[in-house]
Amino acid sequence: AVVSTQSTGDAYTHDRGKRPKPKPAPEFCDICKVTCTTKASVYSHFSGALHKRKVAQLNRDSGAQKQPWNCELCSVECTSRESFNSHINGTRHIKKINEQQKQSLPISEKLLPKSVYQNSDPDVVGEELIETVTANSGVSYRCRLCDCEITDVNSRLLHLKGRRHRLAYKQKYDPEMFVEMQPSKRLKSCLLAAKKRIARKEAKTSKLDNEFKIWEAEQRQLESEWSQYREEE
């Protein structure tokens with residue numbers, strides 16, 4: 001049976017001997033900043049791809065922060081991968097590496113000059129094809145793609161951004177990559193001749209402008225003298 005009662009002027013009904021079920025409290029996801037009001041929405045959110053992707057990114061970020069980026073060789077503490085990469089490619093660190101190699105002392109692989117993260121420069125391609133060569137004379141590099149030796153870190157970066165390396169990478173790995181073409185000798189001579197013609201034309205135009213200004217000044221002078229002559233008459 002259903003019993004009707006009133007409280008503070010509001011009417012409601014319920015089954016005898018049963019209390020209405022309380023609504024579940026909403027749950028808030030601190031990672032995604034989302035509020036879920038029902039069990040179905042809670043299950044759907046926490047099992048969804050967006051939540052899992054954000055959790056994975058959070059775990060990667062926390063792991064990167066805990067990663068020790070320190071150089072024991074130079075007794076330098078780095079706060080991030082970027083600063084560590086900058087240090088191991090610096091002159092002071094490379095000098096220490098050369099001293100260690102001359103004394104035939106062991107060197108950790110992570111302390112050798114190389115990039116420990118993906119280079120963000122779009123002109124740098126094929127960085128994974130560069131090998132680090134250690135010898136008594138110091139650290140050098142070798143490009144497997146171009147089959148050439150590179151003496152230092154600066155030359156390594158210039159080689160990776162160079163036209164020869166980019167063309168070889170395009171032919172072997174990425175045919176759609178854009179590489180600026182180098183003009184031929186004939187085209188260079190034509191461009192040079194065109195520039196000279198334009199320069200001569202501009203010089204001639206400038207000379208004519210100056211002559212016209214002189215002519216205008218002479219005409220004004222003649223008009224002034226003629227006006228004075230008429231007044232005297």
Side-chain angles (χ1 to χ4, degrees), residues 28-34 46 48-174 176-180:
F28 182 73
C29 177
D30 292 330
I31 298 175
C32 305
K33 309 300 180 185
V34 172
F46 285 98
L50 177 63
H51 178 78
K52 291 180 179 179
R53 187 163 58 247
K54 288 193 175 183
V55 169
Q57 181 64 38
L58 186 64
N59 292 335
R60 286 195 297 268
D61 294 342
S62 61
Q65 291 176 359
K66 294 178 181 179
Q67 176 70 33
W69 299 105
N70 300 331
C71 176
E72 298 84 2
L73 184 61
C74 304
S75 301
V76 172
E77 295 183 359
C78 302
T79 57
S80 64
R81 291 182 298 178
E82 289 78 6
S83 59
F84 179 77
N85 180 72
S86 177
H87 168 72
I88 65 173
N89 287 318
T91 305
R92 173 189 171 191
H93 180 80
I94 293 176
K95 185 177 179 180
K96 286 272 188 180
I97 291 286
N98 294 336
E99 292 176 357
Q100 292 285 107
Q101 290 174 344
K102 288 179 181 179
Q103 298 175 12
S104 300
L105 297 176
I107 302 173
S108 174
E109 178 67 22
K110 81 165 192 173
L111 298 180
L112 293 176
K114 61 182 179 179
S115 293
V116 294
Y117 66 97
Q118 182 66 29
N119 200 308
S120 59
D121 193 337
D123 293 334
V124 174
V125 294
E127 193 172 6
E128 66 279 3
L129 301 172
I130 301 294
E131 296 178 343
T132 303
V133 180
T134 57
N136 294 332
S137 58
V139 178
S140 60
Y141 305 93
R142 181 180 179 275
C143 179
R144 298 198 307 268
L145 179 62
C146 304
D147 192 21
C148 65
E149 302 293 332
I150 306 170
T151 56
D152 53 32
V153 175
N154 295 329
S155 302
R156 172 180 176 273
L157 180 60
L158 291 175
H159 175 77
L160 288 171
K161 298 174 69 173
R163 183 172 175 275
R164 172 192 171 189
H165 177 81
R166 288 171 60 81
L167 275 176
Y169 188 88
K170 176 180 180 178
Q171 293 173 0
K172 190 170 183 178
Y173 297 103
D174 188 4
E176 302 297 327
M177 187 179 71
F178 172 76
V179 179
E180 185 178 356

Where is the tightest heavy-atom contact between Cys143 and Ile130, given as atom of each residue plus distance?
CB-CD1, 3.7 Å

If I compare all heavy atoms of Arg164 with all of Cys146, which pair ends up nearest, and what's the gap?
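Answer, listing the atom of Arg164 first, then Cys146: NH2-O, 3.1 Å.
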
Can you name the residues that form a side-chain hydrogen bond (donor to acceptor under 3.5 Å, both in side chains) with Thr151, not counting sequence neighbours?
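By the side-chain hydrogen bond (donor to acceptor under 3.5 Å, both in side chains) rule, Thr151 matches no residue at all.
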
Across all chains, not counting sequence neighbours, the side-chain hydrogen bond (donor to acceptor under 3.5 Å, both in side chains) partners of Arg92 are none

Taking atom CD as the centre, does Glu77 end up with more than 12 heavy-atom neighbours from other residues, nucleotides or ligands that are less than 6.0 angstrom away?
no

Please enumerate all residues that pass side-chain contact (heavy atoms from CB on, under 4.5 Å) together with [X], with sequence neighbours excluded.
X: Tyr173; answer: Leu129, Leu145, Tyr169
X: Glu176; answer: Asp174
X: Leu50; answer: Arg53, Lys54
X: Val179; answer: Arg163, Arg166, Leu167, Lys170, Met177

Euclidean distance, Glu127 CD relative to His159 NE2, rounded to 0.5 Å
11.5 Å

Distance col, row His87:NE2 vs Cys71:SG, nearest 0.5 angstrom, shows 3.5 Å

Closer than 4.0 angstrom, basic N to acidic O: yes or no for Glu128 and Arg144?
no

What I'd like to find out is whether the side chain of Val133 reaches to under 4.5 Å of the side chain of Tyr141, using heavy atoms alone.
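No, their side chains stay 4.5 Å or more apart.
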
Spell out, as yes or no, whether a donor-acceptor pair under 3.5 Å connects the side chain of His165 to the backbone of Val125.
yes

